[in-house]
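The structure appears below as structure tokens.
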Protein chains: 2
Amino acid sequence: MSGRAIPDATVARLPVYHRVLVSLADSGSHTVSSEELATACGVTSAKLRKDLSYLGSYGTRGVGYDVQFLTYQIARELGLTSPWGVVVVGLGNLGRALVSYRGFASRGFQVVGLIDSHPDVVGTVVSVVDRRITVQSVDNLRAIVADNDARIGVITTPADFRCCRSRRP
Amino acid sequence: MSGRAIPDATVARLPVYHRVLVSLADSGSHTVSSEELATACGVTSAKLRKDLSYLGSYGTRGVGYDVQFLTYQIARELGLTSPWGVVVVGLGNLGRALVSYRGFASRGFQVVGLIDSHPDVVGTVVSVVDRRITVQSVDNLRAIVADNDARIGVITTPADFRCCRSRRP
DNA sequence: TAGATTGTTAATCGATTAACAATC
DNA sequence: TAGATTGTTAATCGATTAACAATC
């Protein structure tokens, strides 16, 4: 099953299934049928079973799916089992608000680098959820990304500044 | 052409075409070929022409499309020619920041109502871009929506509060 | 075993693509 | 007219659906 490509339309629905499964687990469900899960996700049970079949055979005929196990398998497929590294560029009000937001960590994102252009800000230490990170110059961006395998960049600079820089690279 | 249903996949791409056309107009283009526009939108020219053909025949063979005219036709199809009414519920920091954000108005949204639960806030007048609107109680929500033909509700209340209310309707 | 539910099949449906006639 | 580009056709490709054999 690992060699086959999963259809785009299926991949697009996996996050929905994952979210609904997490909330099912929160409300105490241990097992769920394709019919129940499909209804909760707003799709048909046939489509849901077809989608899940691309991941593998994780259900039990006559019983349904184990909520924990299926949640994990989808998370694994989506690359949610290890956190995604994020670099935040721009530590104004918005940037500082974002890095202290605990919702990122709980959803599998981890801030691994902070960048700012202002000399007074570079070198300062900022609290990021459970750690403290030193703000660095944009000159170090490439190294930060490489060292931490960062995959996502969040740009929280003023709009006009962003504009300026992209026109004078 | 007005009777036929436009495929979902096409409708999903129209906002992209619209945005790119607006920026082409900003940069002074008067005419654009399907090849140029498609490249700028990240699709193939065949797909673009097929998509546009569902709206009508708005191009000129041998020449291309008039940027202004095509922009307008897509805007009309998307219902962007008259603003969408928005009601904002919750006038804390986030709600107040949103209603004063000029980006909504320039993108075809118009705040037509403000709701808050706090008795001290109800009855106060808030500046909304170019007008001033009186904050009302949630009891008036239905009337506000009906009177202004509001189509979008933005809920900017604390998460736990939102939770509470949905469990005790 | 009997009932329930999955995983898969095959048919249908919708979207994409390449090619080109129409035509400015 | 000659060159360019649209709008449309028909073939291909991918997604959805309903049905049901497999099996817990």
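Letters A, B, ... mirror the listed sequences (proteins, then strands); counts begin at 1.
Residue A:D130 places its CG atom among more than 12 non-hydrogen atoms of other residues, nucleotides or ligands, all under 6.0 Å distant.
Checked by atom type and distance alone, the side chain of A:T124 never pairs as donor or acceptor with a backbone atom of A:D120 at under 3.5 Å. Side-chain atoms of A:D66 come within 3.5 Å of backbone atoms of A:Q68 as a donor-acceptor pair (strictly under, hydrogens ignored). The closest donor-acceptor contact from the side chain of A:T44 to the backbone of A:K47 lies under 3.5 Å. Of the possible donor and acceptor atoms, one in the side chain of B:R131 sits under 3.5 Å from a partner among the backbone N and O of B:V111.
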- Message: Taking Watson-Crick (N1-N3 plus N6-O4 or O6-N4) and G-U wobble (N1-O2, O6-N3), each under 3.5 Å, can you produce the dot-bracket string of DNA chain C? Use [ ] for crossing pairs and | for inter-strand ones.
- Response: ..||||||||||||||||||||||
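Counting distance only, with no hydrogens placed and no angle test, the side-chain atoms of B:R61 and the base atoms of D:dT6 include a donor-acceptor pair under 3.5 Å.
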- Give the intermediate values and the outcome of salt bridge (charged side-chain N to carboxylate O under 4.0 Å, His left out) for residues B:D51 and B:R49. CA-CA 5 Å; B:D51 284 341; B:R49 288 198 302 277; over 6 Å; no
- Protein proximity profile, nucleotides 12-18 of chain D - base contact B, sugar-phosphate-only contact S, no contact -, cut-off 4.0 Å on heavy atoms: ---SSBB
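Aromatic pair A:F69/A:Y72: centroids not less than 6.0 angstrom apart.
Side-chain contact between B:D149 and B:R151 is present, with heavy atoms from C-beta onward closer than 4.5 Å. Looking only at side-chain heavy atoms (C-beta outward), A:V67 and A:T31 stay at 4.5 Å or farther from each other. B:Y65 has its side chain out of reach of B:L21: every pair of non-hydrogen atoms, C-beta onward, lies at least 4.5 Å apart.
For the pair A:T60 and D:dC24, the criterion of a side-chain N or O lying under 4.0 Å from OP1 or OP2 is not met.
Using a 4.0 Å cutoff on non-hydrogen atoms, the parts of residues 19-33 of chain B near DNA chain D are B:S33, ordered by number. Contacts of residues 63-73 of chain B with DNA chain D (heavy atom under 4.0 Å): B:V63, B:G64, B:Y65.
Residues satisfying the side-chain contact (heavy atoms from CB on, under 4.5 Å) test with A:V154, not counting sequence neighbours, are A:V86, A:V88, A:L98, A:I152, A:T156. Remark: A:R19 pairs with no residue by the side-chain hydrogen bond (donor to acceptor under 3.5 Å, both in side chains) rule, at least two apart or across chains.
A:R132 and A:S127 are linked by a side-chain donor-acceptor pair at a separation below 3.5 angstrom, with hydrogens and angles left out of the test.
Taking atom CD of residue B:E35 and atom P of nucleotide D:dA4, one finds them 14 Å apart after rounding to whole Å. Protein atom OH of B:Y58 is 12 Å distant from nucleotide atom P of D:dT8, rounded to whole Å. Here the P atom of nucleotide C:dT6 and the CG atom of A:L48 are 8 Å apart, to the nearest Å.
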